[in-house]
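Just below is one structure, and these are the notes that go with it.
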2 protein chains.
Amino acid sequence: MNIRHLTFRLLQVYVTVVKAGTVSQAARRLHLTQPTVSQQLRRLQDAVGEPLLESRHGRLQPTEAGREFYRACQDALGRFDDYDDYLSALRGGERGRFSIALVNTAQYVLPRLLGPFSQTFPQVEVSVHIGNRQQMLARFERQEDDIYVFSHPPSLEHALAARFMRNPLVLVGPAGHPAAKAERVAISDLLGERFLLREVGSATRMMFDSWLQEQGVSLGATMQLASNEAIRVGISSGLGLALLSEHVLAPSDRSLAKLPVEGLPIESYWQFIVWRDRRLPHAALAFLRFADEHLETWVESQWLRNEVGRLVHYFDLD
Amino acid sequence: MNIRHLTFRLLQVYVTVVKAGTVSQAARRLHLTQPTVSQQLRRLQDAVGEPLLESRHGRLQPTEAGREFYRACQDALGRFDDYDDYLSALRGGERGRFSIALVNTAQYVLPRLLGPFSQTFPQVEVSVHIGNRQQMLARFERQEDDIYVFSHPPSLEHALAARFMRNPLVLVGPAGHPAAKAERVAISDLLGERFLLREVGSATRMMFDSWLQEQGVSLGATMQLASNEAIRVGISSGLGLALLSEHVLAPSDRSLAKLPVEGLPIESYWQFIVWRDRRLPHAALAFLRFADEHLETWVESQWLRNEVGRLVHYFDLD
DNA sequence: ATGATGTATAGACGATTGTCTATGAGCGAG
DNA sequence: CTCGCTCATAGACAATCGTCTATACATCAT
């Protein structure tokens, strides 16, 4: 059997003929002329090298080889029909997978969107990569993920960004700290305190350093800690103060207090970053669309800042 | 997805590319040039309407849609590979089905061949139709079966025949009959006896009638019985004499005796009859081939008469 | 015989495929 | 920065496909 020139069309014709029982009937169903169908059948039988149909009392009956061939056709055609269904699910973004990379701190906010999204599209498999800014930048450079979440994005020359949430950075101290009750405090009044810092290279650290420089001050005692969690614990046990995302202050957590330092908060934003020329999986686009449409539902209005529409729009036009 | 112009060849190319990981590699394996493969891939992706491959660190990786498409290809190609295996089994006659129609009396001889054949080709499904000559002739006219077994075939204008076994017709009487011990008897000396006959239209009856006419004699008392079995019982219980196939005299059956009538036995032969222009299923051909080759093994040499080779040869050349 | 219905064959033709060569562009290892 | 891979695109061309119309042949029921 020479399979090379077998077209799926040919299989469809064959299946129709077997179902219809006559060539003419099949031709009518297929909106073809009878000779066309006859000829296709001949080609098919030539390709298979075996008669597939024989005429028994006026109707075309498949031969033994033809019956089995019919089954094979049904299976193959069915398989590609299934694939077609799969494709449309994929295209609709209801299915498939995508990966998203977050810097550590985004863990506090992204689950609010990812959770409901996964509920709505249970067939979509999301890989979430979490790491520090350095690691995420490396992934970004290697284009290992479909969507990145940064607060302070790298160069946007080949990438697009869309803000989706405010991320004000505030100075945090232990609950009982005197400045917490003040109306307003100058940073210079706090330089005697020890400051707890994330490692150089972290976004918060970068922002803090440049803000301090702007204010024309520099810190005294500092202590470097590896995670925001460690810093939180450190603050509440009186180890010092720190600049933190306001999201880190869980409403229920009474052991920390925001200090009303002049010139703060530093406004920054969580944003989705996507490579401009990278093909975005449908599922990833579906997530962005979901974020765009449902941000209001899952994020308190005080944090809202929805620019995701632009991004969706950009990729929708592809 | 537009399936119409998808060729299996195209699927093979795609599968090879995915396995090879690069277009060039695949091209080499397929003995094609690289641009050819590139172009096929493009056509394929156009047909599917979705990118199937993307280049990740130097190798081509299937996309989500591509991975699933790959599976669909494997399934479809595998399905037709299986069909190919099936086909060759069919062609080899190791598998499939055929039908054979026998006149009643052939039941005594055909199982000797069919039994061993079925043992050798357990995958072949044989339908055996048994009836009287009239019924079998009707089936023959309507071409309902692949092979017919007649002792006295109908017109052979559009059919081919091959003798495979002697079928001498002898006069049979009860064991104690005086003529059984004689050296030779003339039929005229037996006309006082009652004769047991099959119905008009049965082959044996036809042969007997024309033989009697040749001898210029006619029977006195007769009795018509519907089956050879009934006739056997009738003879042994002294109801009369009958012309029967010598095969009917089981060696162990001591209640019947062959009467050495002059001018007998009438030589006749079991033969396979096949429509000349009917496509013979491979399995049917395999049976004839089997009969041709193994007749000596399963049939005592005294009955042998093998002309089946001619038939096999005729259809082999198709 | 005469239609009616179904199938096969032949000839025609534009669209698509399968293949090539030539050439240019991208990229990772020297 | 160039070499040696890789891939993509363009142009060419014969073979094959997917269709059609016209016509002849085969059955079967008038």
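So you know, we letter chains A, B, ... as the sequences are listed, proteins then strands, and number each from 1.
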Would you kindly give the [atom1]-to-[atom2] distance between [X] and [N], to the nearest whole Å?
X       : N      : atom1 : atom2 : result
B:Arg42 : D:dT9  : CZ    : C1'   : 7 Å
A:Gln25 : C:dT5  : CD    : P     : 12 Å
A:Tyr14 : D:dG18 : OH    : P     : 17 Å
B:Leu41 : D:dT9  : CG    : P     : 11 Å
A:Gln40 : C:dT9  : CD    : C1'   : 15 Å
B:Leu53 : D:dT6  : CG    : P     : 16 Å
A:Asp46 : C:dT9  : CG    : C1'   : 14 Å
B:Glu54 : D:dC7  : CD    : C1'   : 15 Å

What verdict does the ring pair (Phe, Tyr, Trp, His ring centres under 6.0 Å) test give for A:Tyr70 and B:Tyr83, after you've listed the backbone C-alpha separation in whole Å, the side-chain angles of each residue and the deciding distance to 0.1 Å?
CA-CA 10 Å; A:Tyr70 179 76; B:Tyr83 179 70; over 10 Å; no
Taking for each residue the nucleotide of DNA chain C bearing the nearest heavy atom, is the 5' side occupied by B:Gln34 or by B:Arg43?
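On the 5' side of the pair lies B:Arg43.
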Please determine, for the side chain of A:Thr36, which listed nucleotide (D:dT6, C:dT19, D:dT19) has the closest atom?
D:dT19
So, applying ring pair (Phe, Tyr, Trp, His ring centres under 6.0 Å) with B:Phe272, which one of B:Phe164, B:Phe150, B:Tyr148, B:Phe98 is it?
B:Phe164
Can A:Arg43 and A:Gln40 be counted as having a side-chain donor-acceptor contact under 3.5 angstrom?
yes
Ring center gap for B:Tyr86 and B:Phe80 short of 6.0 angstrom
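No, ring centres 6.0 Å or more apart.
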Mind checking whether A:Ile100 and A:Leu110 have side chains closer than 4.5 Å, heavy atoms only?
yes
Work out how much the helix from C:dA1-D:dT30 to C:dG30-D:dC1 bends between its end axes, five pairs an end, to the nearest 10 degrees.
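About 30° separates the two local helix axes.
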Counting just side-chain N and O atoms, does [X] come under 4.0 Å of either OP1 or OP2 of [N]?
X       : N      : result
B:Ser24 : D:dC7  : yes
A:Thr7  : D:dG18 : yes
B:Arg28 : D:dT6  : yes
B:Thr33 : C:dC20 : yes
B:Gln39 : D:dA10 : no

The single option from A:Asp146, A:Val128, A:Val126 that satisfies side-chain contact (heavy atoms from CB on, under 4.5 Å) with A:Ser99 is A:Asp146
Assess whether a salt bridge exists between B:Arg79 and A:Glu68, defined as any Lys/Arg side-chain N lying under 4.0 Å from an Asp/Glu carboxylate O.
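So B:Arg79 pairs with A:Glu68 through a salt bridge.
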